[in-house]
Each structure stands twice: as C-alpha cells, then as structure tokens.
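Just below is one structure, and these are the notes that go with it.
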There are 2 protein chains.
Amino acid sequence: MSPDQTAYSPEALKAELNAKGWRMTPQREVILSTFQNLPEGEHLSAEDLFYRLQEQGENISLSTIYRTVKLMARMGILRELELTEDHKHYELNQPRPHHHHHLVCMKTNRVIEFKNDQILTISQKVADKYGFKVLDCQLTIIGVSPEGQRSIF
Amino acid sequence: MSPDQTAYSPEALKAELNAKGWRMTPQREVILSTFQNLPEGEHLSAEDLFYRLQEQGENISLSTIYRTVKLMARMGILRELELTEDHKHYELNQPRPHHHHHLVCMKTNRVIEFKNDQILTISQKVADKYGFKVLDCQLTIIGVSPEGQRSIF
DNA sequence: ATGCGTGCAAAGTCTTTGCAGCTTC
DNA sequence: GAAGCTGCAAAGACTTTGCACGCAT
C-alpha cells in the first residue's frame, strides 16, 4: 500500500487522474473529502453517501456516486468492504497504523474493528510470492457475538 | 470452527437441522454433497450450482438454492465468499488444514488460494477478546497480478 | 475544441418473497 | 396433522448504462 493517503490532497487526486487521462471535478473532490473527514471506523454505502451529501446541500447524483467510489476503489484510494449486509461499503484505504479489519456477528450484524500488523505482513509476503502488488488486505472474521449466542435463531 | 466437516454425513446434517426444528430434504442432501465433492479450491455461485445440478439431472429451483446456501452459511457449513465479482460464491467451510484464503487481482479477477495457520490463530484471539464464537475467517488480499500490472487500465 | 463527466431515467443483475401444494417430523 | 419446504412467478434491492448537455483540459 502506498504512502499516507489520509492527507491526500485534491491536487494529488487531480494529478493522479490526469496522469490516466481522466479529470478532476467538484464532485470527485467533495466525495474524497467526505471520506477523509469520516470518523475512523465509519464506512458508507453509496446510498449513505448520497443522503449525507444531500444534507450538506451537495446534490450529487447516485449514478455519479456509484461511478466515483468504484473509480476510487480501483485507484486504491478507497477500500470496498463486503461485510454481512447485502450492499458494499466504502472507506478510505489507509496505510498503517490506521489500517484495520472487521469482526462481524452473523446474527446481529454487529461489526467491530480491530487492528493487527501481522496481517499486513502476511499479505505482503503472500503477494510477493505470486508477484502481486498489494492494494488492500482485509481479514473478516465471521462469528457470533455474545448477544447473538443468546438468541434462538 | 467445529470438527471435520468434510466428512459431514447426511445424517449429521439432518440431526443438526432437526435440532432447530428444521427438516432434511433431498434437495439439501444433494446440495451438501455437491459441495463436498467439489475439488479443493473451487467455489460456486448460486447460478453455477443451479446449472451444475441441471447437468446432473437434478432439477432444483434457483429459489431453493438461494435459500439453502444461505441457510448452510448461517449454520457454518458453507462459507460465503465475496471476491471481486459482483455475486457471492460458496464453498465448504473447512477446518484446518484445508482452510484457506484468497489473493485476488483487481484487474484480471484472477483468484489464487493460499493457506496460513497464523490467520486462524489471530482470528481466534481477536474473537475471544470480544466474546465472539468464530464461524469463519477470511483474509482477502486485493492486488494487481503480474499480468494486470502490464495492462493499461 | 475535444472528449470526459454528470444527471436523469430506464434497464439490468442478482436475490428475495408470496403462495399453493407437497413432504417431513 | 402441523409446520416446514419447494417451485414458480412476481417483486425487490442495489447497481449499471444510454444519452444529451456541460465542463475540464
């Protein structure tokens, strides 16, 4: 994973886009900064982001949001999370030491974040073995929380 | 994760279902055995499974397949994989030493499996800390394969 | 000036659900 | 018998796409 992307500036984004023949737009800038200002550990679905922007008076269409998050995920700026819920969530793809993983309760859908540096090390090693460049690595532990263990179903 | 589920018998499945007030059916038995006979490392989407069964002359409806794989995933018999593609894949949730993880190329969608016991250990420790019972843990490394690195987009 | 990006609405894909009849416990 | 299951078709949720216009380069 590349250098600190939390401090990723609009200029840096523009440079990276232009390098590939793409363009900087106000929408893209707003979306990037929204993710940068998100409290650590919070992740948004496309729809979450849409409504959050609406509330801030930013009218960005859902289509643009879908297109943008997918683009940024491909660029390695966002990480695409697939937790138990049926839709994808996005959050900034952060370098150590902010990089984290998820523990999910299959019954209650509770999600707990945790950090662990060994995982990144392991991932790096595996990727090297196959000649892959690592963009992101996610350990998802699926289990049953204490509350879930008490429920019948 | 519980004891060896590769050798999970129809009777064991029935017992587990009945214990929760559910029932054993021919469809469920066929689906379980299909996953058990899958070569290690192969995983199926609902649709894959549907067509594979059709070819074997087993006419099980797509609805039933969706219902069954979800049920078995909740029971911890199958693991639900969300790799890069847009739909879910399923495979037997196997204990050590068959348990494995995935390295995915974001550009070509190539998927490589790998094993690593440390991950299960780490997961167990994290889960213990929060009082969770572990059903499954999946490390997904997203990156770019050598071939992918050569492509423009 | 070129051609990428946006918004809108329509179309798609994968998945879930209501219901009648059948099956399992 | 009662209640869960299946299959079918229809409905749903989320995501993608075609097109005309506007905007970044």
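Computed over heavy atoms, backbone and side chain alike; hydrogens, waters and symmetry mates excluded.
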- Task: Nearest whole angstrom, please: distance from the C1' of C:dG12 to the NE2 of B:H87.
- Result: 15 Å

- Contacts of B:A12 that satisfy side chain to side chain contact (heavy atoms under 4.5 Å, CB included) - sequence neighbours left out: B:Y8, B:S9

- Residue pairs meeting side-chain hydrogen bond (donor to acceptor under 3.5 Å, both in side chains), one or both in residues 53-64 of chain B, sequence neighbours left out, come to B:S61-B:T64

- Measure distances between side-chain N and O atoms of A:R28 and base N and O atoms of C:dG5, and say whether any donor-acceptor pair falls under 3.5 Å. no

- Identify the 5'-most and 3'-most nucleotides of DNA chain D with at least one atom closer than 4.0 Å to a non-hydrogen atom of chain B. D:dA3 to D:dA9

- Between C:dT6 atom P and A:Y66 atom OH, what is the distance in whole Å? 16 Å

- Rounded to whole Å, CZ of A:F50 lies from P of C:dT6 at a distance of 14 Å

- Item | Whole-Å gap separating P (C:dT15) and NZ (B:K88) | 7 Å

- So, does the side chain of A:T25 form a donor-acceptor pair with the base of C:dC4 at under 3.5 Å? no

- Task: Give me the bend of the helix from C:dA1-D:dT25 to C:dC25-D:dG1, using the axes of the five pairs at each end, rounded to 10°.
- Result: 50°

- Task: Grab the NZ-P distance between A:K14 and C:dG5 for me, whole Å please.
- Result: 12 Å

- Does B:K115 NZ have over 12 foreign heavy atoms under 6.0 Å away? yes

- Task: Hey, could you give me the CD1/CD1 distance between A:I122 and B:I119, rounded to the nearest 0.5 Å?
- Result: 5.0 Å

- Message: Regarding A:R74 and A:E80, does a basic nitrogen lie under 4.0 Å from an acidic carboxylate oxygen?
- Response: no

- In whole angstrom, what separates A:K20's NZ from C:dG5's P? 13 Å

- Query: Which sits closer to the 5' end of DNA chain D, A:M24 or A:S63, going by the nucleotide each is nearest to?
  - Reply: A:S63

- Item | Pairing residues for B:K14 by the side chain to side chain contact (heavy atoms under 4.5 Å, CB included) criterion, not counting sequence neighbours | B:N18, B:M24

- Item | 5' precedence on DNA chain C between B:L62 and B:P26 (nearest-nucleotide basis) | B:L62

- Item | Distance in angstrom units between B:E80 CD and C:dT15 C1', rounded | 11 Å

- Residue list, side chain to side chain contact (heavy atoms under 4.5 Å, CB included) with A:E47, at least two apart or on another chain: A:S45, A:Y51

- Expressed in angstrom and rounded to an integer, what is the separation of A:L17 atom CG from C:dC4 atom C1'? 11 Å

- Point-to-point distance, once rounded to the nearest 0.5 Å, from CG of B:L92 to NE2 of B:H99: 12.0 Å

- Whichever of B:N18 and B:K70 has its nearest DNA chain C nucleotide further upstream toward 5': B:K70

- Close aromatic pair by centroid cut-off 6.0 Å: A:H89 and A:H102: no

